[in-house]
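Heads up, the thing below is written out as structure tokens.
Protein chains get the first letters and strands the later ones, always in sequence-line order, with residue 1 at the start of each.
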There are 2 protein chains.
Amino acid sequence: MLELAILGFLYDAPLHGYVLRRHIAALTGHVRPVAESTLYPAIKRLEKAGLLVRATEPGAVAAPRHVLSLTEDGGRELRRRLAEPAQREITDENHWFTLLAFLRHLADPAAQAVVLRRRLAFLEEPASFFYEGDRPLAAEELDDPFRRGVLTIARATSRAELAWLRDTLASLDGAGR
Amino acid sequence: MLELAILGFLYDAPLHGYVLRRHIAALTGHVRPVAESTLYPAIKRLEKAGLLVRATEPGAVAAPRHVLSLTEDGGRELRRRLAEPAQREITDENHWFTLLAFLRHLADPAAQAVVLRRRLAFLEEPASFFYEGDRPLAAEELDDPFRRGVLTIARATSRAELAWLRDTLASLDGAGR
DNA sequence: AGACCATACCTCGACACCGATGTATAGCGT
DNA sequence: ACGCTATACATCGGTGTCGAGGTATGGTCT
């Protein structure tokens, strides 16, 4: 998820770590903050894998900056991760939102549609958080107001997302034809 | 999050690891599956911390079971984690839903209300995923259909949750008086 | 002059998590 | 008899993440 965000931001323009950090904080920081001690090793990992290169520039304000840019391999890897996400990226909202934030980098509308359809299939599966045996329980069947809240909120999210998915898929299919 | 779920389920009734695993899978598994190799060490951690004890029983079907039950310390710890969650438990939906699933174990409506109000404060902060400088962008201002989707879905979730929070807080305040 | 904060990057130890793999019993279908 | 699945628990190596701490520069406030 973090690596995807790094690759995604660098796809648009070269950035140095400090700015990259603020970009990532804006994107997902209010939900799940990213520590510096997580970001810098992640950058090194990607550099070691040849997905990005760094160019040292004299610091505009303070210490020297390492400006990071994607290599061709990095661009390919980003597109690969966007086109063939692991199942976790589809099901976990945090991962999924990060993926959506960069899905436009997948130039082909048909490839974008494939990804959206995987999310659609996941949302269309009948699944709850609470069960009676194997039967998923509806919000109305629960006494617990907090568990009822979970289901109410999840249902509202699901409804909104399904509507958006169907809309967007229709216009992607239109564009592909 | 995992530990909270373990403590939460055991608060209702003693269970052995295998059943516990299925309970957890039902609760959060469709979004974020939990590996056995994560669950068993987590159980050991909690046991070592004195939060639960195990009693070996001959297996009803196969291998012997280790039936886990909460200690008094375990119950106290669960209530402490429910009453004073870390900020991450408030902001990250995965964590938050797990917390909500067990919040009823906090017997005091006033204490439950305190937790809900923290989530309310978080949701009422103006925050987006995308910014122009410091200004949060609205869905309508984005060209990218996928980013627009993120905001559309997040807004629907937020709306539904705010309504539910205000409702539930009102009835908790009524019960507390 | 000193305190403080923002910029900019980095290391280290601790630890939670995961996939792969292993062990053992019992039941079902072929 | 054989394979497969479900029950039931466990270990191990690799790795991603975090908190705490460190280094250095330059600007603002008092």
(message) With a 4.0 Å cut-off on N to O distance, would you call A:Arg79 and A:Glu72 a salt bridge?
(response) no

(request) Determine yes or no for a side-chain-to-main-chain donor-acceptor pair under 3.5 angstrom, with A:Arg118 supplying the side chain and A:Pro85 the backbone. (result) yes

(message) Expressed as a whole number of angstroms, how long is the span from A:Ile24:CD1 to D:dG16:P?
(response) 15 Å

(request) Would you indicate, yes or no, if D:dT11 has its OP1 or OP2 atom less than 4.0 angstrom from a side-chain nitrogen or oxygen of B:Lys44? (result) yes

(request) Please state how far atom CZ in A:Arg54 lies from atom P in C:dA8, giving the value in whole angstrom units. (result) 15 Å

(request) With the side chain of A:Tyr18 defined as its heavy atoms from C-beta on, choose the nearest nucleotide among D:dA8, C:dT7, C:dA20. (result) C:dT7

(request) Among D:dT17, D:dG19, D:dA8, find the nucleotide with the atom closest to the side chain of B:Arg65. (result) D:dA8

(request) Rounded off to whole Å, could you give me the NE2-to-C1' distance for the B:His95 and D:dT17 pair? (result) 12 Å

(request) Identify whether any heavy atom of B:Arg32 sits under 4.0 Å from a base atom; if not, whether one sits that close to sugar-phosphate; answer base, sugar-phosphate or nothing. (result) nothing

(message) Using whole Å, what does the distance between atom C1' of nucleotide D:dC18 and atom CG of B:Asp92 come to?
(response) 15 Å

(message) From the set D:dC18, C:dC9, D:dC9, return the single nucleotide nearest to any side-chain atom of B:His66.
(response) D:dC9

(message) Does C:dG19 have its OP1 or OP2 closer than 4.0 Å to a side-chain nitrogen or oxygen of A:Arg88?
(response) no

(request) Tell me which of B:Val19 and A:Ala35 sits closer to the 5' end of DNA chain D, going by the nucleotide each one is nearest to. (result) B:Val19

(request) Whole angstrom is fine here: how far is it from CD1 in A:Ile6 over to C1' in D:dT17? (result) 13 Å

(message) Between the side chains of A:Arg80 and A:Asp73, is the shortest nitrogen-to-carboxylate-oxygen separation below 4.0 Å, so that they form an ion pair?
(response) no

(request) For a side chain to side chain contact (heavy atoms under 4.5 Å, CB included) with B:Leu120, tell me which candidate from B:Leu165, B:Val115, B:Thr168, B:Ile90 qualifies. (result) B:Leu165

(message) Whole angstroms only, please: what is the CD-C1' distance between B:Glu3 and C:dC15?
(response) 11 Å

(message) Using a distance-only criterion (donor-acceptor N/O pair, under 3.5 Å, no hydrogens), is the base of D:dG16 paired with the side chain of A:Thr38?
(response) no

(message) Less than 6.0 angstrom separating the ring centers of A:Phe102 and A:Tyr11, yes or no?
(response) no

(request) Return the nearest nucleotide to the side chain of B:Glu36; candidates are D:dC9, C:dA8, D:dG19. (result) D:dC9

(request) Output yes when at least one side-chain N/O atom of A:Tyr40 is less than 4.0 Å from OP1 or OP2 of C:dC9, else no. (result) yes

(request) Would you indicate which nucleotide in D:dA8, C:dT11, C:dG19 comes nearest to any side-chain atom of B:Ser37? (result) C:dG19

(request) Send over the distance from A:Leu39 CG to C:dA8 C1', rounded to a whole Å. (result) 12 Å

(request) Specify the separation, in whole Å, of atom CG of A:Leu20 and atom P of C:dT7. (result) 15 Å

(message) Under 4.0 Å, heavy atoms only, any strand: does A:Arg21 hit a base, just the sugar-phosphate, or nothing?
(response) nothing

